[in-house]
**Q** 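What follows is a single structure, and I will ask about it in a moment.
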Amino acid sequence: MDDHEPLKPFLLAFPGPLRDQLVAAVLSGEKVSTSGLLAEYEAEGEELPPVGERSALIDSDGREVAVVEVTEVRVVRLGDIGLQHALDEGEGYTSVAEWRAGHESFWHGEEMREALGDPQFTVDDDTLVVAERFRVVRRA
């Protein structure tokens with residue numbers, strides 16, 4: 001690291017096969033966007049990342065595998081997510097409906113509901129999503 005402070009972790013999904021798949025997609029250049037719930041930022045008391053912020057991409061083993069830089073952050077209604085964002089997530093989605101089904105499954109999962117402190121949490125068209133774009137600036 002050239003900075004004095006360690007970089008904030010850039011965490012995709014929860015540790016396990018999904019995180020491994022997402023990290024691989026970032027490293028291959030297929031994944032240049034990600035989506036999170038505004039509710040998750042609020043539950044964790046986190047600020048949205050500013051454009052230009054650099055973070056350490058972390059794999060399932062807790063290792064830093066790359067440094068990524070945020071290039072865009074938008075808060076949008078789930079119902080307003082567009083096809084380009086879905087494609088840029090690098091998970092093989094070919095439509096917004098596919099992207100949404102995959103994300104709803106994750107967001108309605110036990111780990112996310114536990115992280116949000118709401119065992120009944122569900123999303124709808126008006127749920128606010130943090131749509132981030134980023135680029136890899138350095139591999140570990």
Side-chain angles (χ1 to χ4, degrees):
M1 292 288 145
D2 44 14
D3 297 333
H4 299 295
E5 290 180 41
L7 294 174
K8 213 167 82 174
F10 191 80
L11 304 172
L12 297 169
F14 296 102
L18 179 57
R19 178 176 290 175
D20 294 339
Q21 174 193 335
L22 298 177
V23 166
V26 170
L27 294 176
S28 74
E30 292 171 49
K31 181 171 182 65
V32 294
S33 72
T34 193
S35 308
L37 295 171
L38 185 60
E40 188 180 6
Y41 283 88
E42 291 167 349
E44 295 174 1
E46 269 190 55
E47 298 285 320
L48 296 183
V51 169
E53 180 177 81
R54 291 186 173 191
S55 306
L57 179 64
I58 304 295
D59 70 10
S60 288
D61 296 323
R63 291 185 307 238
E64 178 182 317
V65 295
V67 174
V68 296
E69 180 180 83
V70 174
T71 59
E72 182 182 49
V73 178
R74 296 178 302 135
V75 176
V76 293
R77 290 173 61 254
L78 179 56
D80 293 336
I81 290 286
L83 180 59
Q84 193 60 57
H85 181 78
L87 296 174
D88 288 346
E89 287 229 9
E91 295 176 58
Y93 301 118
T94 58
S95 70
V96 173
E98 262 183 34
W99 171 88
R100 183 161 169 170
H103 283 72
E104 282 190 14
S105 173
F106 177 75
W107 290 330
H108 294 163
E110 199 175 308
E111 286 178 298
M112 180 56 75
R113 286 176 169 169
E114 192 176 304
L116 294 172
D118 181 354
Q120 303 302 313
F121 179 80
T122 56
V123 298
D124 61 27
D125 279 353
D126 291 325
T127 300
L128 294 178
V129 172
V130 179
E132 277 184 66
R133 296 185 68 78
F134 56 86
R135 66 187 184 93
V136 173
V137 291
R138 187 173 73 237
R139 291 167 184 263

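These numbers come from the heavy atoms of this one structure, side chains and all, not from hydrogens, waters or symmetry mates.
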**Q** So which heavy atom on Ala25 is nearest to which on Gly90, and how close?
**A**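 For Ala25 versus Gly90, the nearest heavy atoms are CB-O, 3.7 Å.
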**Q** For residues Leu116 and Leu37, determine if any side-chain heavy atom of one lies less than 4.5 Å from a side-chain heavy atom of the other.
**A** yes
**Q** Side chain of Ser60, backbone of Gly16: donor and acceptor closer than 3.5 Å?
**A** yes
**Q** Partners of Arg63 by salt bridge (charged side-chain N to carboxylate O under 4.0 Å, His left out), sequence neighbours excluded?
**A** Asp59, Asp61
**Q** For the pair Arg19 (side chain) and Ala13 (backbone), establish whether a donor and an acceptor sit closer than 3.5 Å, ignoring hydrogens and angles.
**A**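 Indeed, once roles are kept as given, a pair shorter than 3.5 Å links the two residues.
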**Q** Report yes if the side chains of Arg135 and Val32 come closer than 4.5 Å at any heavy-atom pair, otherwise no.
**A** no
**Q** Report yes if some heavy atom in the side chain of His108 is under 4.5 Å from a heavy atom in the side chain of Arg113; otherwise report no.
**A** yes
**Q** Which atom pair, heavy atoms only, marks the closest approach of Leu7 to Ala56?
**A** CB-N, 3.8 Å
**Q** Is there a side-chain contact between His85 and Asp88 (heavy atoms, below 4.5 Å)?
**A**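 A side-chain contact under 4.5 Å is absent here.
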**Q** Which ILVMFWY residues are connected to Val75, directly or by a chain of links, through side-chain heavy atoms under 4.5 Å apart?
**A** Leu38, Tyr41, Leu48, Val70, Val73, Leu128, Val130
**Q** Going hydrophobic residue to hydrophobic residue with side-chain gaps under 4.5 angstrom, can you get from Ile58 over to Val26?
**A** no
**Q** Looking only at heavy atoms, which two atoms of Gly82 and Val96 are closest? And how far apart?
**A**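 That closest heavy-atom pairing would be C-CG2, 3.6 Å.
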**Q** What is the ring orientation for Phe14 with Phe106, classed by angle as parallel under 30°, tilted 30 to 60°, or perpendicular over 60°?
**A** tilted
**Q** Do Leu12 and Val67 share a hydrophobic cluster, counting only Ile, Leu, Val, Met, Phe, Trp and Tyr and linking them when any side-chain heavy atoms are less than 4.5 Å apart?
**A**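 No; Val67 is not reachable from Leu12 via cluster members.
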**Q** Could you give the distance from CZ (Arg138) to CD (Glu69), rounded to the nearest 0.5 Å?
**A** 11.5 Å
**Q** Can you find a pair of side-chain heavy atoms, one from Val51 and one from Glu132, that are under 4.5 Å apart?
**A**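 A side-chain contact is absent here, since even the closest heavy-atom pair is not under 4.5 Å.
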**Q** With clusters defined by side-chain heavy atoms of hydrophobic residues (ILVMFWY) lying less than 4.5 Å apart, directly or transitively, does Leu22 cluster with Leu11?
**A** no
**Q** Side chain to side chain donor-acceptor pair (under 3.5 Å): which pairs involve residues 95-107, sequence neighbours left out?
**A**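 Residue pairs with at least one partner in residues 95-107: Glu89-Trp99, Glu89-His103, Thr94-Glu98, Trp99-His103, Arg100-Glu104, Arg100-Asp125.
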**Q** Indicate yes or no: at least one non-hydrogen side-chain atom of Phe134 is less than 4.5 angstrom from one of Leu57.
**A**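 No, their side chains stay 4.5 Å or more apart.
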**Q** So, Asp20 side chain and Val23 main chain: donor-acceptor pair closer than 3.5 Å or not?
**A** no
**Q** Where do Ser55 and Phe10 come nearest, in terms of heavy atoms and distance?
**A**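 Answer, listing the atom of Ser55 first, then Phe10: CB-CB, 3.6 Å.
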**Q** Hey, could you give me the CD/CD distance between Glu40 and Glu46, rounded to the nearest 0.5 Å?
**A**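 It comes to 8.0 Å.
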**Q** Would you say CD of Glu44 has more than 12 non-hydrogen atoms from neighbouring residues, nucleotides or ligands within 6.0 angstrom?
**A**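 It does: Glu44 CD has more than 12 such atoms within range.
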**Q** So among Glu53, Glu47, Glu64, which one has a salt bridge (charged side-chain N to carboxylate O under 4.0 Å, His left out) with Lys8?
**A** Glu53
